[in-house]
Amino acid sequence: MIEVQLPDGNIVQHEDNATALDVAKGISEGLARATAAAVIDGTTVDAMRPLTELTDLRPVPLQLLTTRDPEAAAVMRHSCAHIMARAIMRLYEGVGLAFGPVKGNTFYYDFDLATPISEDDFPKIEAEMKKIVKEGEPFERFTMNREESIQFCEDLNQELKVEHIKSGLADHESLSFYRQGEFVDLCRGPHIPHAGMAKAFKILNVAGSHWKGDVSNRSLQRVYGTAFFDKKELAAYMEQIEEAKKRDHRVLGSRLQLFTINPDVGQGLCLWLPKGATIRATLEDFIKKELTRRGYEPVYSPHIGRVELYETSGHFPYYRDSQFAPLFGHSAGQLVDYWIRCLDPDEDSVQPPDAAAEKKLLDAAMVLGFSGEEFPLSGSADEKRAVLRKWEKQQERYLLKPMNCPHHAQMYKAIPRSYRDLPVRLAEFGTVYRHEQSGELNGMLRVRGLTQDDAHLFCTPEQVEQEFKDTLGLVKYVLEAVGLEDYRVQLSTKDPGSDKYVGSDELWQNAQDTLRKVLTEAGLDFIEMPGEAAFYGPKADFMVRDCLGREWQLGTVQLDYNLPNRFELEYTGKDNKQHRPVMIHRAPFGSMERFVGMLIEHFAGAFPLWLAPEQIRVLPLSEKSDDYAKDVATRLRQAGFRVTTDLQSAKLQAKIRDAQMDLIPYMLVVGPKEAEQNAVAVRCRIDGDLGVMSFDDALQKLTDERNNQTIRQVAKSTFSAVEDVATGNEY
RNA sequence: GCUGCUGUAGCUCAGUCGGUAGAGUGCGUCCUUGGUAAGGACGAGGUCAUGGGUUCGAAUCCCAUCAGCAGCUCCA
């Protein structure tokens, strides 16, 4: 007999081989039917395994997970991934299984399968899954040692599983499998007791993926689905997704005429329409004021810079693929540049030219004015490159500015600096261009031309901590000003195993320790992400979710001990010697494009008064009141408000409806009565009719709300920044 | 960039078996002159993303290109 302690403290006696299901049954049949899994000592476990296998603790501290618990839903979703895999294996030949974890409310499974699965196939897969659920066979767990497991997976023709056991699971002596009817899968579990519990599921979409997330590995087909214990919950979830799509900034951006993207202008190049531009300008004014208060100085830099500048900074080789190609003073430059790349042994996207191709290149270069005799046609690749480099250097090469830091570094350097001048804080709304992969572009959230609310701080090593702290404070201040409080801070650090980072380990250690310390002191919860740092230093990023739950980086603060070295930045210390400053990169908004894009979704297009592009609309009751309406609008405009009048010959109801649909914060209804008393009937978008008040009272009310930057947010987003990202039930 | 899907009026979409286009909304004009979420009539608008091919005939079938969407990968 074993003793089991339930969450209410009661202790019950059971047979030695009792399972959580047996315990549930001991309480009631209904409970047993609803039990999907169990939790012992913080770990989710199978409800159908003997408790003695699961823990040495006595009495066994057991918590049952029923169909009402969110943790149970995750277990069921993973079981659903197995059910889907089983259905697909019944319908297709030669299905290779990869991984099938749970991610939030969804699950997926990656398949190695020659036949492409398309949306049209979903109904038949779902039908097969329904059959499996109806059959309601149990999930059975068994274990094998390494050699047996490898042999077993080989016999099943599951080579990806074999590979994973050999490489990824090299330290596992014993491995578990789950069987469900004819379907067996290497899996850590846990699972629901039987397939019959997966009552409501839906296949959502199919997409490409790669084995172990590496593009150089074979590509797989990933099928996504979602599942709930209850059909109503599933329907509610699908409804929620549809609702979320309505606040998509791309949808609202076009409906509210905030921005547009035109293929002839270029992919990822955002055109700010007047209303979007008004929001942006308001935010820029807001932060400019704050920067002045905090001792920042404005600067401006041009949109291009010589390639040598980025060679000095170290950016050029690192980000070659995500920059627009250099602009050359002479058109031959492009050719020479390409030629050099072809001869570069590290460049695998282009091949060295054969003799005939090389002759053509040389002819072209000669036409363009280079001396062909210089070129060692029969020489080594290195000799050739040396000559080509010389040619390349004979002319100017410019880069469309991919970042502002090198420009600001040169501005720091332009003036002799004393320790008394530090910190120097140079701020600029810097427009930069990055050739992001076409598949990455997303409305305003990921673009190829963006304006950072950038600044670079140059300070003494002693000042770093305080400056970093103040900068974090600024980011928090900015986010709070717009009511964006649902964010997550990510500390991106160096991956010790990688060689892409510049600077000594000591500097990195030092910088990361400082960041950690200040973040902790600021009371900010943060998660550390090794390998996510910039090549020049660690950073603290503020992450926010969009309407569909995808995470985006907004504000960022980055520590940099490397660029000052590369640019040999100095200041004169107290000791009259030259010292090296430390650089802090920071952008509280991140970029204006992404920030405004996120704000559109955050407010679902309904901006608070201080940000709304159209703050007030005056609605005359009929044409008889048009003149008074125009007069009211003029007076409000003089008070600094963005006002329009609706002079359509439509009924008041229709005008109100239009204004509500356009998400205008305040409507002022004016008719003969108001005109007579110099009054307005105020209607708030959220609170509705507020009644008639004198013009002066209304102006005072609106002015207060605007100046206080009051946030009135009605509909919150479905996705929270702290939501669990992924639950891996796979090994 | 990769995998899959999509592209018809400003927007949301319909268009059957291949027979050269339709709705709602928005827009314009006129009527209507009103009191807190849709008054009525008429009208304008499309080289069916672009370029090829198959066919007597293509929005519809095939190929390519471009763009968009989802995911993957990437993100200074």
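Residue numbers begin at 1 in each chain, while the letters A, B, ... track the order of the sequences.
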Worksheet item: What is the distance, rounded to the nearest whole Å, between atom CG of A:Leu445 and atom C1' of B:C75?
Response: 13 Å
Discussion item. In this structure, how many angstroms lie between the P atom of B:A76 and the CG atom of A:Leu563, rounded?
Written reply: 14 Å
Of the candidate nucleotides [options], which contains the atom at the shortest distance from the side chain of [X]?
X	options	value
A:Gln267	B:G68, B:U73, B:A76	B:G68
A:Val206	B:A37, B:G4, B:G39	B:G4
A:Gln437	B:U36, B:A70, B:G1	B:G1
A:Met661	B:A37, B:G71, B:A76	B:A37
A:Ser649	B:G1, B:G34, B:G71	B:G34

Worksheet entry | Pairwise C1' distance, B:G26 and B:C13 [rounded to whole Å] | 14 Å
Fill in: Integer angstrom distance from the C1' of B:U60 to that of B:G15
9 Å
Worksheet item: Hey, does A:Gly213 reach any base, or is it just sugar-phosphate, or nothing, if we go heavy atoms under 4.0 Å?
Response: sugar-phosphate
Item to complete: Give A:Glu623 one of three labels, base, sugar-phosphate or nothing, depending on what nucleic acid heavy atoms sit under 4.0 Å from its own.
Response: base
Worksheet item: In Watson-Crick or G-U wobble terms, both distances under 3.5 Å, what is the partner of B:G19?
Response: B:C56
Fill in: A:Lys212 NZ: over 12 foreign heavy atoms closer than 6.0 Å
yes
